[in-house]
Amino acid sequence: MDILIDANIILDVLFQRAPFYERSLQIMQTCIKGHATGFISAHSVTTMWYLLRHEFSPEERRKMFKIVFSWCRIASEGHSELLAALDRDDFPDFEDCVQDECAASVHARYIITRNKKDFGHSKIPALLPAEFIDIMELGKG
């Protein structure tokens, strides 16, 4: 099963943010174990690189992303995804709309995020980490 993982999930793990760390780590572990294929959008990578700059050196960030890239794939937003997002006026946040278009382009079944309300008009259903973990544990993925 393919899932698009929002940047906030990965940042929860890298920053070890309580109370989100454990569930977000479970999402990563699900992908590492091969129970799901995780994707992150290319623009999330640059955003995370920027947000991590105050806590981690460029060398540390490179190591982190090489590890992240060992268990996930990149969903690139290209011309068609950006145009499709521009044509949608049902999303209050353009970046979230681009995330949805990226998820659709890789045929993701779910978007895993902590900001589920931001994806109310999403083509791809958004789930909280706990909801996705429950689905996986019940074998209904």
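Note that the numbering runs from 1 along the sequence shown for the chain.
Under the rule for a side-chain hydrogen bond (donor to acceptor under 3.5 Å, both in side chains), Lys63 has no partner lying at least two apart in sequence or in another chain.
If you chain together hydrophobic residues whose side chains sit under 4.5 Å apart, Tyr21 and Ile32 fall into the same group. Residues Leu11 and Phe69 are members of one and the same hydrophobic cluster, defined by side-chain heavy-atom contacts under 4.5 angstrom among Ile, Leu, Val, Met, Phe, Trp and Tyr. Both Ile5 and Phe65 are assigned to one and the same hydrophobic cluster, defined by single-linkage of ILVMFWY side chains at heavy-atom distances under 4.5 Å.
At distances below 3.5 Å, at least one donor-acceptor pair connects side-chain atoms of Glu81 with backbone N or O atoms of Gly78. The backbone N or O of His43 lies less than 3.5 Å from a partner atom in the side chain of Glu77, making a donor-acceptor pair.
Taking every heavy atom of both residues into account, Trp49 and Pro58 meet most closely at CH2-O, 3.6 Å. For Cys102 against Ser41, the heavy-atom pair with the smallest separation is SG-CB, 4.0 Å. Ala103 and Leu4 get closest at one heavy-atom pair: CB-CB, 3.9 Å. Scanning all heavy atoms of the two residues, the minimum distance from Leu25 to Val13 falls at N-CG2, 3.5 Å. Trp71 approaches Met28 most closely through the heavy-atom pair CZ2-CG, 3.4 Å.
Side-chain atoms of Gln99 and Ser122, non-hydrogen and from C-beta on, never get closer than 4.5 Å to each other. For the pair Ile40/Ile74, a side-chain contact is recorded, criterion being any heavy-atom separation below 4.5 Å from C-beta on. Looking at Ser24 and Ile10, their side chains never come closer than 4.5 Å, going by heavy atoms from C-beta outward. Using a 4.5 Å cut-off on side-chain heavy atoms (C-beta onward), Glu131 and Lys116 make contact. Contact check for Met1 versus Met136: side-chain heavy atoms found under the 4.5 Å cut-off.
Considering CG of Leu128 and CG of Asn115, their distance stands at 9.0 Å, rounded to 0.5 Å. The CD atom of Glu137 sits 7.0 Å away from atom CD of Gln26, with the distance rounded to the nearest 0.5 Å. Considering CD1 of Ile111 and CD1 of Ile9, their distance stands at 11.5 Å, rounded to 0.5 Å. If you take CZ on Phe39 and CD1 on Ile3, they are separated by 10.0 Å, rounding to the nearest 0.5 Å. From Arg114, atom CZ reaches atom CG of Asn8 across 5.0 Å, with rounding to the nearest 0.5 Å. The distance from the CZ atom of Phe119 to the CG atom of Leu127 is 11.5 Å, given to the nearest 0.5 Å.
Ring-plane geometry between Phe56 and Phe15 is classed as tilted, the angle between the planes lying from 30 to 60 degrees on a 0 to 90 degree scale.
Residue pairs satisfying the salt bridge (Lys or Arg N to Asp or Glu O under 4.0 Å) criterion with at least one member in residues 13-32, sequence neighbours excluded, are listed as follows: Asp12-Arg17. Pairs passing the salt bridge (Lys or Arg N to Asp or Glu O under 4.0 Å) check and including a residue from residues 83-104, sequence neighbours excluded, read Arg88-Asp90, Arg88-Asp100, Arg88-Glu101, Glu101-Lys123.
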